[in-house]
Amino acid sequence: MDERVERIKNKITAYPDFPKPGILFRDIFSVLQTPLVFHDLMAVLEEKVKSVCPDVDIIMGLDSRGFLFGAPLALSLNKPFVPVRKRGKLPGELKQVSYTLEYGTDVFEAQASSIKQGQKVVIVDDLLATGGSMKAASELVKEMGGVVALCLVCIELADLKGRDKLKDPCFPFMSDLNVEFMKDISFLLGLKIEFLSAILSYLSDTHLPYSPGALLSYLPDTHLRYLVLLTCTCLTHLALSCPTYLTLTCPTHLALPCPTYLTLTCLTHLALSCPTYLTLTWRSLALTLMPYLPVALLPTYLTLALLTWRYLALLT
Ligand SMILES: O=P(O)(O)OC[C@H]1O[C@H](OP(=O)(O)OP(=O)(O)O)[C@H](O)[C@@H]1O
Ligand SMILES: Nc1ncnc2[nH]cnc12
């Protein structure tokens, strides 16, 4: 991964239950406190705009955190900056659109004359959650006669699938996960949510031989999918970094809520602690366990087997 993105990621702090219970709030202001990292972030954004739409006409920032990055980006690209503000803050003739976001509803407004017919607009914001804000801004641009060239965000909360709502090209340079199942996982593993969040950000492409996201679609049911996958990746990570901890904590935390997954994750653990044994016996183990697994869980099982196999390939 780009070293700059790594530095930015390390600066973003996650606060559980803010501004409402159940939301894991990513605080991007901490990035601004370190000029080097703020420079990194601006450089990444600028490079993306130059590569995707070098002929952009307007940089638009979304109220309010989008202003932090949109305005300096416009300045360094020598383009006009157009703010989209929440209701009641802008004077003059306005265009408006209402929208919902991860923790509420709101109205966006822009000055009617700020975009001319056919102008190419890059919309900048700090974070994409449900995609409600970005979708609304995109609608506003189109209503004003502009063309959305790119939706540019720093963080995407991938599991909220905000990107699916957008018809325009969207570039998030960091993906993270939402809090609902993080809570379940932190409960299952007996880990603090902040610690889990740190582990997950560590599990980037550089550290893992596979991309977790790519395998999600093979697993059943949205909730279980994440549960299994995250449990698996966290345990695998823990097994790699601290096998004794895993041996002590794994059974107690996993046995009660999901005994089947215990078997599966133990297989992963086994694979890690004793790859040769597993390589030799993997097939017979798999065949022995297969009848005990509910048919609906076979895709899960196969996915975990595949993950284990990928780890073995990495380790041997
Ligand atoms: O994808 P969504 O679900 O729409 O959520 C993302 C939006 O939520 C936050 O803004 P917020 O409205 O909290 O305003 P702020 O920037 O002033 O804090 C964030 O800065 C994004 O604009
Ligand atoms: N989880 C989150 N953290 C920070 N800003 C947000 N905007 C919407 N959801 C958010």
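All values below come from the heavy atoms of this structure, side chains included, with hydrogens, waters and symmetry mates left out. Every value quoted in this text rests on a predicted model; they were computed, and no experiment measured them. Numbers for residues simply follow the sequence, beginning at 1. Both ligands and their constituent atoms are indexed starting at 1 by order of listing.
The shortest N or O to N or O distance between Thr100 and ligand 1 is not below 3.5 Å. The shortest N/O to N/O separation between Tyr99 and ligand 1 does not fall below 3.5 Å.
Within 6.0 Å of NZ on Lys167 lie no more than 12 heavy atoms contributed by other residues, nucleotides or ligands. Counting non-hydrogen atoms of other residues, nucleotides and ligands closer than 6.0 Å to CG of Asp55 gives a total above 12.
Cys154 contributes atom SG, which lies 9.5 Å from atom CZ of Phe171 (distance to the nearest 0.5 angstrom). Atoms CG and CD, from Leu45 and Glu47 in turn, are 9.5 Å apart once rounded to the nearest 0.5 Å. In this structure, Glu156 CD and Leu127 CG are separated by 9.5 Å, a value rounded to the nearest 0.5 Å.
Under a 4.0 Å criterion applied to the non-hydrogen atoms of Leu127, ligand 1 contributes the atoms 6 (C), 21 (C).
When non-hydrogen atoms are compared, ligand 2 lies under 4.0 Å from neither the backbone nor the side chain of Ile28. Heavy atoms of Lys86 found under 4.0 angstrom from ligand 1 belong exclusively to the side chain. Looking at Asp126 against ligand 1, only its side chain comes within 4.0 Å, counting heavy atoms.
Contact annotation: Gly162 has no heavy atom less than 4.0 Å from any atom of ligand 1.
No option in Ile59, Val82, Asp168, Ile115 other than Ile115 meets the side chain to side chain contact (heavy atoms under 4.5 Å, CB included) test with Val121.
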